[in-house]
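The model shown is predicted, which means the values in this text are computed figures rather than measured ones. Lettering of chains follows the sequences in order, A, B, ..., and the numbering in each one begins at 1.
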Amino acid sequence: MGTVITAHGLTKRYGSATVVAGIDFAVDKGETFGLLGPNGSGKTTTILMMLGLTERSAGSVDVLGQDPMRSPLSVKRRVGYLPDSIGFYDNLTAVENLAYTARLMGIGSAERRERIAKALARVRLSDVAEKRVGTFSHGMRQRLGLAEIIMKRAEIAILDEPTSGLDPQSTADFLDLIRELRGEGVTVLLSSHLLDQVQRVCDRVALFQSGRIVLMGSVAELARKVLGAGFVVEVEAEGTDLERKLAAVPGVTAVETVAPDRYRLTADRDVRPGAARAVVVAAGSLKRLSVDEPSLEAIYARCFQPAAKEEMPDAA
Amino acid sequence: MRREGSPWQGLGAVVLKELADNLSSARMRVLEWLIVLTAFAALYGAIGQLRDTTAEDPFLLLRLFTVSRSPLPSFVAILGFLIPLMAIGLGFDTINGEYNRRTLSRILAQPIYRDALMMGKFLAGLATLAVSLTCMWLLVLGLALLFLGVPPGGEEIARSLVFLIVAIVYGGVWLALAMLLSVIFRSPATAALVALGIWLLLTLIWPMLSPAIASVIAPPDIRYEALGLPTPETLEWQQMLARLSPNNLFGEAMLAVLSPTTRALGAVFIDQLQGAILGAPLPFGQSLLIAWPQIVGLIAATIMLFVAAYIVFQRQEIRA
């Protein structure tokens, strides 16, 4: 284990506009790190600076022990990048497209063929390997992009909005592939504004807002930080005077009647057993008992709401 | 900050891929037909003319390139028009095409520098031009053998080889210009239109405009006008201005190389001709010497335009 990417005070200015304003973060080897934030919050610029494709204005980045501005070739050799809108040469086949990349990397012809075949099999594109990419769907192109990273044997995979515009099935497939990558020890950086996906695959996330990281940590940590303490348990049960009885359950701090026979309990721990017992003791019939997992969506909404309100007058 | 690693990394891969793309593309088919048809059209006129007039010309083969019979211009004149079109056709979408296909950021995320992409694309374009022009050159030589039945001499071959090389360099100027425009403009259509606009300006309008500008800068002297002669200063300015157009440089270089009797490309005073046997051909080396400044000018223009394109490309943001 160890850190593979470190950024200190990373800044990018275009003229007077600051796109990335002094961010600090570190990514550990083998972890899946989510860059999260609205469009234009500096995620892609940060990624391009990590690859040495854009010059930074201030600060420092270290990728796999190297400075991407000073030795971009060795950084790019070990890092795979899937741009947000990936393009391939439509007149070439999938194999030819990957072969071009392999030649740019300087991989010999015998190894090239083997690596390409393996990579295409991994992303389940083997049967269309000899078809021209012009006939590929959006989802297939994204998978081909991932095949390129696999073929490169990249130690870090940087995926910029990989699932935007994909249908739910393709998205699920793609997320599975990302998980497979992680299983092989590849460090994955995933940028997205689709929260549930980030939550499904990422170990840690960084929330970007106008060029700054406003929050960073695992989803559970963020939930505690942003949403405050607590579990939210929903109880659906028929019975008399349940609200008062549920409030008496140890650990419950508040009870709210959402609808007839539906109560929302806020508690400092998982109070489902106690709530169930309370309903049964009250001779009520318990229909549903559920606990709300802390969702990134709620964190995100809470985090960006004030900012959105501030920006409202500008938009009008 | 100095960067590490070779700028040539991946150059070979880029050249091979671009060359394969160029040679298999539809525009290459068009170029090929254009070349074959022009070669035939120009030679048809020239060969007819040659049969009628000169049978004992020592440079019969070279005449093929320069003789014209109305309404067709000479082969060299046609090439002066055609080569820029070919080069613009090959170069107008080199960089912005990658950008629009969204392949640019993916390719540049591979372990190569932008230098390799730029240089590779230029070399591939130049190689494509060279292949086409060499084909045309061989076609002309072959047809000349067939129709005239006179085998070409060593000096003729040498002179026509110089013609071929200068034609490729001339193509390089326009290729570099088209690439510069393809870096500057994000839309290939805009780049192509601007390139064609510059081409029209330099080949059609500039020859008409340069005398006018010259006479403004250096007004003609009344004493020369009274004698019906052009004023030397005006003439010099006119020539200098006209030489800003690569088309003019190409024409002059070709004149010197393909017409061995050419003794100078500018105005000549009577006293400079003392002792000269008019109409006698110059040796190959001397002809080359006359054309040398023009050839160097073309090479310099190519390098300058390429460097400009390179600098603009290096500073460009590649993100979509």
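- Contacts with chain B were tallied for S71(A), G80(A), A99(A); S71(A) has the most, counting heavy-atom pairs under 4.5 Å.
- Heavy-atom minimum distance, L104(A) versus A13(B): CD2-CB, 3.8 Å.
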Could you go through residues 112-140 of chain B and list every donor-acceptor pair under 3.5 Å that involves a side-chain atom there, pairing it with any protein atom two or more places apart or in another chain?
residue : atom : partner : partner atom : Å
Y113(B) : OH   : E4(B)   : O            : 2.4
R114(B) : NH1  : F313(B) : O            : 2.9
R114(B) : NH1  : Q314(B) : O            : 3.3
R114(B) : NH1  : Q316(B) : O            : 2.8
R114(B) : NH2  : L53(A)  : O            : 3.2
D115(B) : OD1  : R3(B)   : NH1          : 3.3
D115(B) : OD1  : Q314(B) : NE2          : 2.9
D115(B) : OD2  : R3(B)   : NH2          : 2.8
D115(B) : OD2  : Y310(B) : OH           : 2.5
K121(B) : NZ   : E18(B)  : OE1          : 3.3
K121(B) : NZ   : E18(B)  : OE2          : 3.1
K121(B) : NZ   : T94(B)  : O            : 3.3
K121(B) : NZ   : E98(B)  : OE2          : 3.0
T128(B) : OG1  : N22(B)  : ND2          : 3.1
T128(B) : OG1  : A124(B) : O            : 2.7
S132(B) : OG   : T128(B) : O            : 2.7
T134(B) : OG1  : A130(B) : O            : 2.5
W137(B) : NE1  : S160(B) : O            : 3.2
W137(B) : NE1  : S160(B) : OG           : 3.4

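- Only the backbone of S6(B) comes within contact range of chain A, with heavy atoms under 4.5 Å apart.
- Contact of L92(A) with chain B is made through the side chain alone, with heavy-atom distances under 4.5 Å.
- The candidate with the highest count of non-hydrogen atom pairs below 4.5 Å against chain B, out of M105(A), R78(A), E55(A), is M105(A).
- Heavy-atom pairs under 4.5 Å with chain A were tallied for L104(B), L11(B), L16(B), I107(B); the largest tally goes to I107(B).
- Using a 4.5 Å cut-off between heavy atoms, E148(A) contacts chain B through its side chain alone, with no backbone atom that close.
- More than 12 heavy atoms of other residues, nucleotides or ligands lie within 6.0 Å of CZ in R101(B), so this atom counts as buried by the packing criterion.
- Interface summary for chain A: among G5(B), A109(B), G10(B), the most heavy-atom pairs under 4.5 angstrom belong to A109(B).
- Residues G87(A) and R106(B) share a closest heavy-atom pair of O-NE, 2.8 Å.
- The CD1 atom of I86(A) lies 10.0 Å from the OG1 atom of T103(B); values are rounded to the nearest 0.5 Å.
- Using a 4.5 Å cut-off between heavy atoms, N100(B) makes no contact with chain A at all.
- Dense packing is recorded around CZ of R29(B), with more than 12 heavy atoms of other residues, nucleotides or ligands lying under 6.0 Å away.
- For the pair L108(B) and L51(A), the minimum side-chain heavy-atom distance is 4.5 Å or more.
- The contact between Y14(A) and chain B is made entirely by side chain atoms (from C-beta outward), counting heavy-atom distances below 4.5 Å.
- Here CG of N91(A) is found 5.5 Å from CG of D21(B). Values are rounded to the nearest 0.5 Å.
- For the pair R77(A)/Q9(B), a side-chain contact is recorded, criterion being any heavy-atom separation below 4.5 Å from C-beta on.
- D84(A) contributes atom CG, which lies 7.5 Å from atom OG of S105(B) (distance to the nearest 0.5 angstrom).
- In R132(A), the CZ atom is not crowded: 12 or fewer heavy atoms of neighbouring residues, nucleotides or ligands sit closer than 6.0 Å.
- When heavy atoms are compared at a cutoff of 4.5 Å, Q110(B) approaches chain A by way of both its backbone and its side chain.
- Proximity to chain B (any heavy atom under 4.5 Å) is shown, for T45(A), by both the backbone and the side chain.
- More than 12 heavy atoms of other residues, nucleotides or ligands lie within 6.0 Å of CD in E180(A), so this atom counts as buried by the packing criterion.
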